[in-house]
Amino acid sequence: MSSPPLSYSYDTNGFVIIPSDTPLSLVPPTQLIPFRDACERVITKTRTGEWTRRRTVGKQFPPYDNDNPDSWGVQHLMHPDLGEALFAEWYCSERVLSVVKALLGCEETDLEMELFNLLINPLSHDFALRWHRDDVRETASEEEEVDALGKWHTGVQWNTALYRDECLFVVPGSHIVPRTPEQRALSSTLDPPTNPLDMPGAIQVILQPGDTVFYNSNILHCATYSSQAKRATLHACMGDAVRGGAVRARNILQHDLKWMQDEAFRETLPNDTARGTLDRLKRLQSEQGGAQVVYSLAG
Ligand SMILES: O=C(O)CCC(=O)C(=O)O
Ligand SMILES: [Fe+2]
């Protein structure tokens with residue numbers, strides 16, 4: 001019996017895992033080392049303070065601050081100042097784009113470049129993200145939730161683990177339905193969960209090195225970060241500029257992507273396809289009144 005298309009699982013469950021050792025793998029086992037090496041270099045720059053665009057412990061969403069510089073993420077892997085060409089090459093590669101197109105059901109010429117960050121383990125504090133949807137407030141009424149979820153199908157987000165990663169928890173199917181009263185209660189607190197599996201319907205997403213989980217970022221999800229478990233997980237998203245556009249602007253532009261307008265960045269991109277995706281992001285930035293930062297919600 002043939003397996004269902006990738007997009008069926010993704011549309012139904014709100015996420016789909018692509019294992020490392022399968023034909024669609026985003027990072028096959030033989031390619032792990034160059035990714036790990038490049039990540040090690042940017043992690044060192046972040047932990048020593050040389051790279052200040054980072055997600056700091058104690059803050060779930062932007063703007064991140066430096067009250068506690070212990071970091072759980074490195075922002076903007078494609079930034080030319082980091083000097084790691086591998087990241088933009090991969091983000092714009094046929095390997096990545098073909099899966100993104102299949103999940104979005106769009107053409108290459110519709111794709112919009114968005115975020116590409118790295119999630120890492122903090123060194124001296126354990127940390128957790130509370131239950132959330134990236135672009136729907138925890139206080140949203142049921143009606144607002146239904147409305148927001150109904151519009152959120154024009155982008156995909158993914159985590160590609162370079163080491164075993166068991167940080168993420170999701171509630172399968174919750175990307176299309178409002179929370180039950182119990183789920184609402186457990187996701188309305190600003191505290192991190194004591195046990196994520198207390199959330200009705202929750203499962204833990206376990207990734208082996210090289211595995212990728214694609215997920216709808218409005219699926220109900222949370223994450224726990226142990227300072228003892230090494231994490232280097234590529235964390236990216238891409239949108240369909242034609243259908244998505246303004247719907248995605250708040251979520252994407254809150255991360256301050258002004259640097260992407262520099263010609264120096266454009267020159268690092270590997271081909272016309274990549275430059276086309278950047279042009280569509282820049283169009284979104286100008287439509288939204290320049291590359292202004294709209295701080296809100298998650299990312
Ligand atoms: O750490 C993760 O895998 C999830 C991160 C996340 O949910 C977020 O940044 O909004
Ligand atoms: Fe999130």
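In listed order, ligands and their atoms are each counted from 1.
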*What do we get for R133 next to ligand 1 when only non-hydrogen atoms under 4.0 Å count, side chain, backbone, both or neither?*
neither
*Which single N/O/S atom of H221 lies at minimum distance from the Fe ion (ligand 2)?*
NE2
*Taking just the N, O or S atoms of H132, which one is nearest to the Fe ion (ligand 2)?*
NE2
*Any atoms of ligand 1 less than 4.0 Å from a non-hydrogen atom of L119? List them with their elements.*
1 (O), 2 (C), 3 (O)
*asked:* Testing the basics here: between L220 and W131, what is the closest heavy-atom pair and its distance to 0.1 Å?
replied: O-CZ3, 3.5 Å
_Residue R231 vicinity, atoms of ligand 1 by number, heavy atom under 4.0 Å_ = 1 (O), 2 (C), 3 (O)
*Could you tell me whether W51 and H79 have their ring centroids closer than 6.0 angstrom?*
yes
*Name of the D134 N, O or S atom nearest the Fe ion (ligand 2)?*
OD1
*Do ligand 1 and R55 have nitrogen or oxygen atoms that lie under 3.5 Å from each other?*
yes
_At under 4.0 Å between heavy atoms, is it the side chain or the backbone of T233 that contacts ligand 1, or both, or neither?_
neither
*Got a salt bridge between R184 and E138, using NZ or NE/NH1/NH2 to carboxylate O under 4.0 Å?*
no
*Apply salt bridge (Lys or Arg N to Asp or Glu O under 4.0 Å) to K151 and D147, showing your working.*
CA-CA 7 Å; K151 291 182 187 144; D147 183 55; 3.2 Å; yes
_Per-atom contacts of ligand 1 with D134, taking only distances under 4.0 Å to non-hydrogen atoms_ = 10 (O)
*Near-ring test Y215/W158, centroid separation under 6.0 angstrom*: no
*Who passes salt bridge (charged side-chain N to carboxylate O under 4.0 Å, His left out) against R248, sequence neighbours left out?*
E114
*Got an N/O contact under 3.5 Å between W72 and ligand 1?*
no
_Using a 4.0 Å cut-off to any heavy atom of Y225, which atoms of ligand 1 qualify?_
1 (O), 2 (C), 4 (C), 5 (C)
*Under 4.0 Å from any heavy atom of A223, which atoms of ligand 1 are there?*
1 (O), 2 (C)
*asked:* For a side chain to side chain donor-acceptor pair (under 3.5 Å) check, start with the C-alpha distance between H221 and D134, then their side-chain angles and the critical distance, and finish with the verdict.
replied: CA-CA 9 Å; H221 63 286; D134 279 7; 3.1 Å; yes
*Please state which part of Q60 comes within less than 4.0 Å of ligand 1, counting heavy atoms only: side chain, backbone, both or neither.*
neither
*Determine, stepwise, if the pair E145 / R179 fulfils salt bridge (Lys or Arg N to Asp or Glu O under 4.0 Å).*
CA-CA 8 Å; E145 219 174 335; R179 292 162 294 172; 3.0 Å; yes
*asked:* For Q208, is the CD atom crowded, meaning more than 12 foreign heavy atoms sit under 6.0 Å from it?
replied: yes
